[in-house]
Amino acid sequence: EKAGYDYFMLKEIAEQPKAVADTLLGRIDASGRLTLDEVRIDAHALREIDKIVIVACGTAFHAGMIAKYAIEHWTRIPCETELASEFRYRDPILDPRTLVVAISQSGETMDTLMALRHAREQGSKVLAICNTNGSTIPRESDAVLYTHAGPEVAVASTKAFLTQLVACYLVALYLGQVRGTKWGDEVSSVVRELSDIAKQVDQVLETMEPVRELARSLKDKNTVLFLGRHVGYPVALEGALKLKELAYMHAEGFAAGELKHGPIALVEDDLPVVVVVPSPRGRSVLHDKIVSNIQEIRARGARTIVIAEEGDETVVPYADHLIRIPATPTLLQPLVATVPLQVFACELATARGNEVDQPRNLAKSVTVE
Ligand code: M6R
């Protein structure tokens, strides 16, 4: 059932273009309109929402962090993303005009389930983004948007993450459509690029050999740091989480802007630091800032592993290793930028002799609080 792959994780990484395409299927029509009638929250209720709260754990939480950037930008509805395990215990402010979005691959994560129960008790509507038909979280929610990743067996989440992102983008764009957005032209072009994104994910997968080689060369390192800004920040957190889970290495993700507020003290000679560089188009200020961050850490001896768009030449002089990803709109970049980090962690785990599909101490679905 591993279809010739050594591990389910490798198979699931390879299945990502299809998972992404399947999750988009039938949800964008030929004219670029989003058709999410299946979600069954009526347009009137969606127009009344004045706040969105996303709750999730682990990798799904990282998808939720990225969703916040997309939702606030395209819809101007205030959105916060919170770890499900923290949410319920701090007496959050919720009412019927709050839409709570619960993201879960398994649909059985107890922390997320308890958070959504709490939200419904306060009168909020809950939309589940879930990969498992008929599981508890969608059953207990007011509405559900299924991701179509297919069964994910490896404990480390890969294809489910990409499809969670797709579902979040669809929700954000749909809300923009229902409520009106001032970014009409940008939204139409993003919808077009999103419809085609599976090809770019495929393109990334075809260029992963140097990433594997790099991973193997780092197998005796103790620490790897990950930096990103904007949507690259949750991508950095996801890269670090994958490495902890699979390679049992100390890995930390930081918002690049926070470097000078502390983490830069960690940088020492030959420390591998992965940097996710935002697209230079559209957000050039952010791009320039991260390029200076790369210079700063390199000047202090870091071994820089730079993930940057094709054609972005500004990073070349400061990259000890350069991983190219296709150009995408800024908000969609996590769909391509995360893939090399998955491959990197999987290969490091293998090189360190770890069990890839069943990392120690972890379960695929965490059904206790
Ligand atoms: O099934 P869920 O999406 O609710 O699971 C949430 C987390 O437990 C999960 O994403 C976990 O962090 C993964 N092992 C990460 O690879």
Side-chain angles (χ1 to χ4, degrees), residues 7-13 15-16 19 23 54-67 81-88 100-117 119 126-141 144-168 226 234-249 251-253 334 338-339 341-346 348-349 354-369:
Y7 307 108
F8 279 106
M9 186 180 176
L10 288 171
K11 173 171 174 269
E12 289 161 6
I13 288 174
E15 284 170 347
Q16 293 185 110
T23 302
I54 303 177
V55 290
C57 306
T59 288
F61 172 72
H62 298 150
M65 284 179 77
I66 293 164
T81 300
E82 188 156 352
L83 289 167
S85 54
E86 288 293 318
F87 174 75
R88 189 167 70 117
V100 172
V101 180
I103 309 176
S104 174
Q105 186 287 128
S106 61
E108 301 296 347
T109 299
M110 188 55 75
D111 288 316
T112 310
L113 180 61
M114 297 311 271
L116 86 82
R117 282 185 184 157
V126 176
L127 165 65
I129 292 179
C130 184
N131 195 45
T132 313
N133 267 313
S135 55
T136 313
I137 288 173
R139 271 207 324 269
E140 293 204 15
S141 297
V144 53
L145 180 62
Y146 280 108
T147 49
H148 296 308
E152 192 181 63
V153 177
V155 166
S157 187
T158 54
K159 61 177 181 170
F161 176 68
L162 260 62
T163 62
Q164 284 160 354
L165 288 177
V166 168
C168 289
F226 294 78
V235 171
L237 295 177
E238 176 60 9
L241 177 62
K242 289 280 101 77
L243 206 62
K244 288 173 207 163
E245 278 188 294
L246 294 159
Y248 316 150
M249 287 166 86
E252 270 195 84
T338 308
V339 176
L341 303 181
Q342 301 166 340
V343 171
F344 181 72
C346 185
L348 255 162
N354 297 351
E355 170 55 58
V356 171
D357 288 334
Q358 284 288 340
R360 67 185 182 200
N361 309 340
L362 293 174
K364 182 64 183 163
S365 57
V366 184
T367 53
V368 289
E369 256 198 289

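Order of appearance sets the numbers: ligands from 1, and atoms from 1 within every ligand.
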Quick one: look up the protein heavy atom nearest [atom] and list residue, atom name and how far away it is.
| atom | value |
| --- | --- |
| atom 10 (O) of ligand 1 | Thr59 N, 3.1 Å |
| atom 14 (N) of ligand 1 | Glu245 OE2, 2.6 Å |
| atom 8 (O) of ligand 1 | Val366 CG2, 4.2 Å |
| atom 3 (O) of ligand 1 | Gln105 N, 2.6 Å |
| atom 5 (O) of ligand 1 | Thr109 OG1, 3.5 Å |
| atom 6 (C) of ligand 1 | Cys57 O, 3.4 Å |

Might you point out which heavy atoms bring Ala102 and Leu116 nearest each other, and give the distance in Å? CB-CD2, 4.2 Å
Say whether, by atom type as modelled, one donor and one acceptor occur between the side chain of [X] and the main chain of [Y] under 3.5 angstrom.
| X | Y | result |
| --- | --- | --- |
| Glu152 | Gln105 | no |
| Ser141 | Leu127 | no |
| Glu245 | Lys242 | no |

Would you say [X] and ligand 1 have an N/O pair spaced under 3.5 Å apart?
| X | answer |
| --- | --- |
| Ser157 | yes |
| Lys364 | no |
| Gly58 | no |

Is there side-chain contact between Val366 and Met110, with at least one heavy-atom pair below 4.5 Å?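 They are not in contact (no side-chain heavy atoms under 4.5 Å apart), so the answer is no.
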For Ser85 and Glu369, does a side-chain donor sit closer than 3.5 Å to a side-chain acceptor?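 Checked: Ser85/Glu369 side chains show no N/O donor-acceptor pair below 3.5 Å.
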Sidechain N-carboxylate O distance under 4.0 Å for Glu12, Lys159: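 Between Lys159 and Glu12 there is no salt bridge, as every charged N stays at least 4.0 Å from the carboxylate O atoms.
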Any salt bridge between Glu355 and Arg360, counting N to O under 4.0 Å?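 Here Glu355 does not pair with Arg360 in a salt bridge, since their nearest N and O are not under 4.0 Å apart.
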Which of the ligand 1 atoms, numbered from 1, are nearer than 4.0 Å to a heavy atom of Ala156: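 Numbered from 1, ligand 1 contributes 16 (O).
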Can you name the atoms of ligand 1, numbered from 1 with element, that are less than 4.0 Å from a heavy atom of Ser104? 1 (O), 2 (P), 3 (O), 4 (O)
Heavy-atom distances under 4.0 Å decide this one: backbone, side chain, both or neither, for Lys242 against ligand 1?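 Only the side chain of Lys242 comes within reach of ligand 1.
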